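Below is one structure, written out as structure tokens; comments come after it.
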Amino acid sequence: MNTRYWILGGTVLLLFLVFRFLLPLILPFVLAYFCAKMVSPAIHFFTEKLKWKKKVTVILIVIVTVGAIIGFIGYIGSLAIGQLILLLQKIPVYEQMADQTLEEFCCRCDQVLDLAVGTSYQYLEAQTTQMYESIGNDILPKLSSCATDILKWAAGAGSGIFIFFVSTLLILLDDSFPRVPKRFRPFVKRLKSAGLAYIKAQGIIIFLIAVAMTLGLLLMKNSYAILLGVGIAVFDAVPVLGSGIILVPWALIQIARGDFFGASVLITLFVIATFLREILEPRLLGKELGMKPLFVLIAVYVGAKLFGIGGILLGPVALTVLKATDDVIKENRITP
């Protein structure tokens, strides 16, 4: 077999092992390294141009950067939590509305199917009761165990953030921190550009979808426009599922309730989200990474299948590594 294919196959295996086993252990340090590289120009400006002391500058820059990120997330989170609390308070009202909508829908089904009035509703009511019993007996105990896992995850995330913060400070304060060997710099440069390009593309798309969803839901006078808009936009980034799994059933419910305006808004939002995701994503990533959109889409899909949501980013990064490796092989004319 061609040596080129052996090298590429070995690279694929190595990437899988690194992403599966090594990356979860070193992720805070990798993020700290990239964060340090990101803020280093600002630190260089203050220390070289304004003659500030390096330790003071590093601490201030890192604190301001992390504080700004936490502040932004906290602000959006507070809005979302406020709307979530409002949603929980109105659950009984929505249950009553849902029951009324279901009863009206069942009456229409009885008329169409020439059944006795109430037949469909009684059947669905029995199924609903059985579903509630199943939730009480099976799902709630599992949710209780999940709550413990969530608390453990939160504690681990807190420690990871602390390690990330300290590591960023230590990297910036260490003048003798080893540089990337020269022969690996093209790979690191490509990885950096790939990661930043993908994050930039996903950020733009998610932001545009979130804005569109929020405006559309505000047009429907929905009290949870921000919460639902951001949630649908983030969920839309998950391959295969996307926003349609939320918007299409919601539109059908609105049609069943006779709210054709709301249904048309939801369908329009689904079309907009699909357009942004399917049209802009391959074009942005293909242009930034220098790859064909189809290959980028395959990388996203395979990455998500192997590594979950994180694979949405890891897939294109792995594809970039493979392309960089292949370029090096071609430049050095490695033959069998």
Side-chain angles (χ1 to χ4, degrees), residues 15 17-81 149-204 206-207 234 288 307-314 316-318 320-321 324:
L15 286 171
L17 294 175
V18 169
F19 289 162
R20 176 67 71 185
F21 301 106
L22 183 60
L23 186 60
L25 301 177
I26 64 172
L27 183 59
F29 306 102
V30 173
L31 294 177
Y33 177 79
F34 282 106
C35 180
K37 289 294 183 181
M38 182 180 67
V39 301
S40 58
I43 294 173
H44 178 77
F45 173 79
F46 284 107
T47 54
E48 298 296 329
K49 302 295 183 180
L50 302 182
K51 305 301 181 182
W52 287 19
K53 292 183 178 180
K54 184 173 182 179
K55 289 185 178 181
V56 175
T57 304
V58 168
I59 293 173
L60 286 177
I61 291 293
V62 173
I63 290 177
V64 169
T65 302
V66 175
I69 295 173
I70 293 176
F72 176 76
I73 294 175
Y75 175 72
I76 299 298
S78 64
L79 292 178
I81 290 173
D149 295 336
I150 291 173
L151 290 176
K152 292 180 179 179
W153 177 86
S159 62
I161 292 172
F162 177 75
I163 293 173
F164 161 76
F165 179 78
V166 174
S167 299
T168 304
L169 288 175
L170 293 177
I171 291 172
L172 290 170
L173 292 172
D174 189 359
D175 295 326
S176 62
F177 191 80
R179 293 179 176 270
V180 178
K182 188 175 181 179
R183 59 179 177 175
F184 292 117
R185 287 178 187 175
F187 291 96
V188 175
K189 186 177 181 180
R190 288 175 183 270
L191 287 175
K192 184 179 179 181
S193 62
L196 292 178
Y198 194 77
I199 292 172
K200 178 182 176 182
Q202 290 294 343
I204 291 173
I206 290 175
F207 175 76
V234 173
E288 293 289 341
F307 305 106
I309 295 178
I312 298 174
L313 175 61
L314 296 178
V317 170
T320 305
V321 174

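In this text the structure is predicted, and so the values were computed from the model without any measurement.
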Rounded to the nearest 0.5 Å, how far apart are CZ of Phe29 and OG1 of Thr168? 10.5 Å

Over all atoms of both residues, closest heavy-atom pair of Leu172 and Lys54: O-CE, 3.2 Å

If you take all heavy atoms of Phe164 and Pro28, which pair is closest and at what distance? CD1-O, 3.7 Å

At what distance, to the nearest 0.5 angstrom, does CG of Leu314 lie from CZ of Phe19? 5.0 Å

Once rounded to the nearest 0.5 Å, what's the spacing between atom CG of Leu169 and atom NZ of Lys55? 12.0 Å

Once rounded to the nearest 0.5 Å, what's the spacing between atom NZ of Lys49 and atom NZ of Lys51? 8.5 Å

Once you round to the nearest 0.5 Å, how far does CG of Leu23 lie from CZ of Phe21? 12.5 Å

Nearest heavy-atom pair of Ala36 and Ile171: which atoms, and what distance? CB-CG2, 3.8 Å

Quick one: CG on Leu17 to CG on Leu22, what's the gap to the nearest 0.5 Å? 9.5 Å

Can you name the one residue among Val62, Val56, Ile61, Leu60 that meets side-chain contact (heavy atoms from CB on, under 4.5 Å) with Val58? Val62

